[in-house]
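Quick notes on the structure that follows.
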Amino acid sequence: QAQLIESGGGSVPFGGSLTLSCSAPGYFEKNGCMGWWRQTPGKNREAVAARDTDYIRTFYTDSVKGRFTISQDTAKAMLYLQMNSLKPEDSATYYCVADPRDCYSGSWKREDVWMHWGQGTQVTVSS
């Protein structure tokens, strides 16, 4: 499977917006689960959002509901994370993740479920 490659990270002020992109060639050819995780230095990785690639289910962690939107462009093999109303606590390295199985509400927040991980892109939100 091809590598997942994130882009779009950067530094923004409190309340700003960013859109992260993930190049995922080959990952949309069959239904599976794709998502975004994040990690702050000294803390565990945290699941942020996930979706079935056939558009059935979408999941968000509570702290980003209403502010972040996960989407995809199947034709371009791209996964996105639109982040609005950013807060300093959103600062982290964001990782694109993928798994060939369907997303499940009980498992998408388990780190060991995800088979493929990108290298990450840094997001910094200043107060």
Side-chain angles (χ1 to χ4, degrees):
Q1 201 84 38
Q3 187 177 0
L4 298 169
I5 302 175
E6 305 93 338
S7 61
S11 297
V12 294
F14 177 87
S17 298
L18 273 178
T19 299
L20 303 183
S21 301
C22 174
S23 172
Y27 287 87
F28 294 94
E29 295 175 1
K30 294 181 181 180
N31 183 46
C33 189
M34 297 196 70
W36 293 92
W37 280 60
R38 64 186 180 187
Q39 185 173 27
T40 303
K43 293 186 178 181
N44 293 332
R45 286 178 176 175
E46 176 189 26
V48 176
R51 65 178 293 154
D52 286 318
T53 54
D54 64 357
Y55 302 93
I56 292 179
R57 285 173 292 253
T58 303
F59 304 95
Y60 295 95
T61 196
D62 287 346
S63 63
V64 308
K65 285 180 180 177
R67 300 188 298 121
F68 290 13
T69 302
I70 186 171
S71 63
Q72 66 191 55
D73 185 326
T74 303
K76 295 182 179 179
M78 295 291 292
L79 184 74
Y80 303 101
L81 185 68
Q82 173 68 43
M83 305 185 294
N84 299 324
S85 302
L86 283 163
K87 306 174 182 180
E89 51 263 43
D90 294 318
S91 298
T93 299
Y94 283 73
Y95 298 91
C96 178
V97 293
D99 192 81
R101 296 163 291 186
D102 291 343
C103 295
Y104 289 98
S105 61
S107 63
W108 77 279
K109 287 190 173 183
R110 285 176 44 192
E111 190 172 347
D112 63 333
V113 164
W114 297 93
M115 183 177 294
H116 304 284
W117 293 73
Q119 294 299 305
T121 186
Q122 179 67 40
V123 173
T124 303
V125 184
S126 58
S127 56

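Note that these values count all heavy atoms, side chains included, but never hydrogens, waters or copies made by symmetry. Computed from a predicted structure; not experimentally measured.
With contacts defined as side-chain heavy-atom distances shorter than 4.5 Å, the pair S63/E46 qualifies. Between W114 and Y95, the closest side-chain pair of non-hydrogen atoms is not below 4.5 Å.
Between the CD atom of Q72 and the OG atom of S21 there is a distance of 13.0 Å, given to the nearest 0.5 Å. Taking CH2 of W37 as the reference point, atom SG of C96 lies at 13.5 Å (rounded to 0.5 Å). Atom CE in M78 sits 5.5 Å away from atom OG in S23 (nearest 0.5 Å).
No side-chain donor from either of N31 and D52 sits under 3.5 Å from a side-chain acceptor of the other.
Electrostatic pairing of D62 and K65 counts as a salt bridge here, judged by a charged N lying under 4.0 Å from a carboxylate O.
Within the structure, the side-chain hydrogen bond (donor to acceptor under 3.5 Å, both in side chains) test picks out the following pairs touching residues 116-127 (sequence neighbours left out): T93-Q122. Listed by first then second residue, pairs satisfying salt bridge (Lys or Arg N to Asp or Glu O under 4.0 Å) with a partner in residues 111-127 read R45-E111, R110-D112, not counting sequence neighbours.
Counting all heavy atoms, side chain and backbone alike, C103 lies closest to A50 at SG-CB, 4.3 Å. In terms of heavy atoms, E6 sits closest to G120 at OE1-N, 2.9 Å. Of all heavy-atom pairs between S71 and R51, the closest is CA-NH1, 3.4 Å.
T53 places a side-chain N or O within donor-acceptor distance of the main-chain N or O of G32, the cut-off being under 3.5 Å. Proximity of a side-chain donor or acceptor of S17 to a complementary backbone N or O of Q82 within less than 3.5 Å is not detected.
Residues L4, V12, L18, L20, Y27, F28, M34, W36, V48, Y60, V64, F68, I70, L79, L81, M83, L86, Y94, V125 make up the rest of the hydrophobic cluster containing V123, defined by ILVMFWY side-chain heavy atoms closer than 4.5 Å, directly or through other members.
Heavy atoms from other residues, nucleotides or ligands lying under 6.0 Å from CD of E89 number more than 12.
Linking Ile, Leu, Val, Met, Phe, Trp and Tyr residues whenever their side-chain heavy atoms come within less than 4.5 Å places V97 and V113 in a single cluster.
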